[in-house]
Every structure is written in structure tokens, then in C-alpha cells.
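Here's the structure, in C-alpha cells; my notes come after.
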Amino acid sequence: MVHIEGVYLEAALSFNERYILLFVTCDCPFEEILNIYLMDTQRNLIVDQAIISQQYSPGLFTDLIIRSKNTLSFEFMIEGEWIIELLETPKKSIRNLFSNRFVKRPFSLFRYFNIVNRQK
């Protein structure tokens, strides 16, 4: 059994017939949180995750666009477009821990996806 935080499942996408990417919001209109989980369906566990939030900032998950087989974009909060690149193989990295002030990621030596923000 896998535990995920959140109230509303905004989207679920399959990747490489092994992973599922989940977007889950917490239903807090004045301080919304978007939880992003990458789940390995063969091992039944979460292999990577990110949380996007900003204190006292509302957020709506909108405009999900699949750009290629491993890249997608969406909008959340007023911070512009978010882009996720799913990696074919996990990469050693702790660099993504500090990539954006709105993104929190738990410690991990491996990343299965990158997430960046393009300001409007």
C-alpha cells in the first residue's frame, strides 16, 4: 500500500509502461499545494516526488499538455508554466533539491524527473 498526500487527483499519466505520474492537490483555496508523485508500478512504491506551494498563494492546476513522450507542461499558481521531464533512467543528483523556491523535494540520491518553472 502506498500513501500519498492530497484530496483531489488532478491527473494520472502512464510513462514507459512502468511508471505512473500523479498530480494531487490538497483543496486549500488560499494556500494550495500540488503534490507530484512518480510511482513505480512494478515495485509498488513512490520513486520520486515534488511539492509545489507558496505560502498564502492560491493555485489551480490547469493546462496540462503532453509535449513529447517524456515531457509535459502545466500551470499552477501564478508563477507561469511548469515543465516536467521524465528521465529514461534515474540520474544521481541532489541538485534538484534546491532548484526553485516553490518546489520542495525530499532527499534522494536519484531523480527520476526534472521540474523547472518558466516565468510569464
Side-chain angles (χ1 to χ4, degrees):
M1 176 183 259
V2 175
H3 176 79
I4 61 172
E5 297 289 327
V7 176
Y8 292 112
L9 177 62
E10 300 286 350
L13 303 165
S14 177
F15 174 65
N16 276 355
E17 299 179 10
R18 178 175 180 171
Y19 300 102
I20 296 177
L21 186 65
L22 304 172
F23 295 88
V24 184
T25 54
C26 293
D27 192 30
C28 184
F30 302 110
E31 210 168 290
E32 187 61 88
I33 296 169
L34 176 64
N35 295 291
I36 304 168
Y37 299 99
L38 184 65
M39 186 172 163
D40 183 330
T41 58
Q42 291 178 355
R43 296 185 299 168
N44 196 32
L45 58 86
I46 295 169
V47 293
D48 204 353
Q49 67 185 80
I51 300 167
I52 301 175
S53 67
Q54 181 181 9
Q55 211 169 24
Y56 310 117
S57 178
L60 292 173
F61 179 83
T62 61
D63 299 328
L64 177 64
I65 299 170
I66 298 171
R67 302 208 176 259
S68 70
K69 74 173 193 159
N70 67 329
T71 305
L72 57 97
S73 66
F74 60 92
E75 293 199 15
F76 183 73
M77 299 188 319
I78 57 171
E79 303 305 324
E81 178 182 54
W82 295 91
I83 298 171
I84 291 182
E85 175 194 13
L86 297 155
L87 305 172
E88 292 290 335
T89 58
K91 303 287 186 215
K92 283 188 176 184
S93 174
I94 59 170
R95 175 178 55 89
N96 290 338
L97 288 173
F98 311 104
S99 62
N100 185 296
R101 66 185 172 128
F102 303 112
V103 179
K104 295 175 190 71
R105 299 186 82 169
F107 177 78
S108 177
L109 293 177
F110 294 94
R111 290 290 174 217
Y112 289 72
F113 67 86
N114 293 321
I115 183 167
V116 295
N117 179 243
R118 288 202 185 137
Q119 300 288 325
K120 288 183 179 179

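What you are looking at is a predicted structure, and each value in this text was computed from that prediction instead of being measured.
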(request) Identify the two heavy atoms, one from Met77 and one from Ser53, that lie closest to each other, and give their separation to 0.1 Å. (result) SD-C, 3.9 Å
(message) Are more than 12 heavy atoms, taken from residues, nucleotides or ligands other than Glu88, located less than 6.0 Å from that residue's CD atom?
(response) yes
(request) State which residue, out of Leu72, Ile52, Asn35, Leu9, fulfils the side chain to side chain contact (heavy atoms under 4.5 Å, CB included) condition with Phe23. (result) Leu72
(request) Could you tell me whether the side chain of Gln55 and the main chain of Glu31 form a donor-acceptor pair under 3.5 Å? (result) no
(request) Would you kindly confirm whether Phe15 and Val24 end up in one hydrophobic cluster when ILVMFWY residues are joined by side chain heavy atoms under 4.5 Å apart? (result) no
(request) Would you kindly confirm whether Leu109 and Phe113 end up in one hydrophobic cluster when ILVMFWY residues are joined by side chain heavy atoms under 4.5 Å apart? (result) yes
(message) As an exercise, state the distance from NZ of Lys91 to CZ of Phe110, rounded to the nearest 0.5 Å.
(response) 11.0 Å
(message) So Leu13 and Leu64, do their side chains get closer than 4.5 Å, heavy atoms only?
(response) yes
(message) Please determine whether residues Phe30 and Phe61 belong to a single hydrophobic cluster, defined as Ile, Leu, Val, Met, Phe, Trp and Tyr linked transitively by side-chain heavy-atom distances below 4.5 Å.
(response) no
(request) May I ask you to decide if Thr71's main-chain N or O and Ser68's side chain share a donor-acceptor pair within less than 3.5 Å? (result) yes
(request) Mark yes when over 12 heavy atoms from residues, nucleotides or ligands other than Leu45 sit less than 6.0 Å from its CG; otherwise mark no. (result) yes
(request) Can you measure from CG (Leu86) to OH (Tyr19) and round to the nearest 0.5 angstrom? (result) 10.0 Å
(request) May I ask you to decide if Glu85's main-chain N or O and Asn70's side chain share a donor-acceptor pair within less than 3.5 Å? (result) no
(request) Is it possible for you to say whether Tyr37 and Ile51 belong to one hydrophobic cluster, with membership spreading through side-chain heavy-atom contacts below 4.5 Å? (result) no
(message) Keeping Asp48 on the side-chain end and Tyr112 on the backbone end, is there a donor-acceptor pair under 3.5 Å?
(response) yes
(request) Run through Leu21, Asn44, Ile4 and flag the one making a side chain to side chain contact (heavy atoms under 4.5 Å, CB included) with Met39. (result) Asn44
(message) Is there a path of hydrophobic side-chain contacts, each under 4.5 Å between heavy atoms of I/L/V/M/F/W/Y residues, joining Leu60 to Ile36?
(response) no
(request) Give a yes or no on whether the backbone of Gln49 and the side-chain of Arg105 come within a donor-acceptor separation of less than 3.5 Å. (result) yes
(request) Compare every heavy atom of Leu22 with every heavy atom of Ala12, then report the nearest pair and how far apart it is. (result) CB-CD2, 3.6 Å
(request) Begin with the C-alpha distance, continue with both residues' side-chain angles, and end with the deciding distance and a verdict on side-chain contact (heavy atoms from CB on, under 4.5 Å) for Ile84 and Phe74. (result) CA-CA 9 Å; Ile84 291 182; Phe74 60 92; 3.8 Å; yes
(request) Could you tell me the separation between the CD atom of Gln42 and the CG atom of Asp40, rounded to the nearest 0.5 Å? (result) 6.0 Å
(message) How close do Val7 and Cys26 get, counting heavy atoms only, and between which atoms?
(response) CG2-O, 3.5 Å
(request) May I have the step-by-step check of side-chain contact (heavy atoms from CB on, under 4.5 Å) for Leu34 and Trp82, ending in yes or no? (result) CA-CA 12 Å; Leu34 176 64; Trp82 295 91; over 6 Å; no
(message) Determine whether a donor-acceptor pair (N or O, by modelled atom type, separation under 3.5 Å) exists between the side chain of Thr25 and the backbone of Asp27.
(response) no
(request) Nearest 0.5 Å please: distance from the CD atom of Glu81 over to the CG atom of Asn117. (result) 9.0 Å
(request) Applying side chain to side chain contact (heavy atoms under 4.5 Å, CB included) between Leu38 and each of Ile20, Leu87, Val47, report the one that passes. (result) Val47
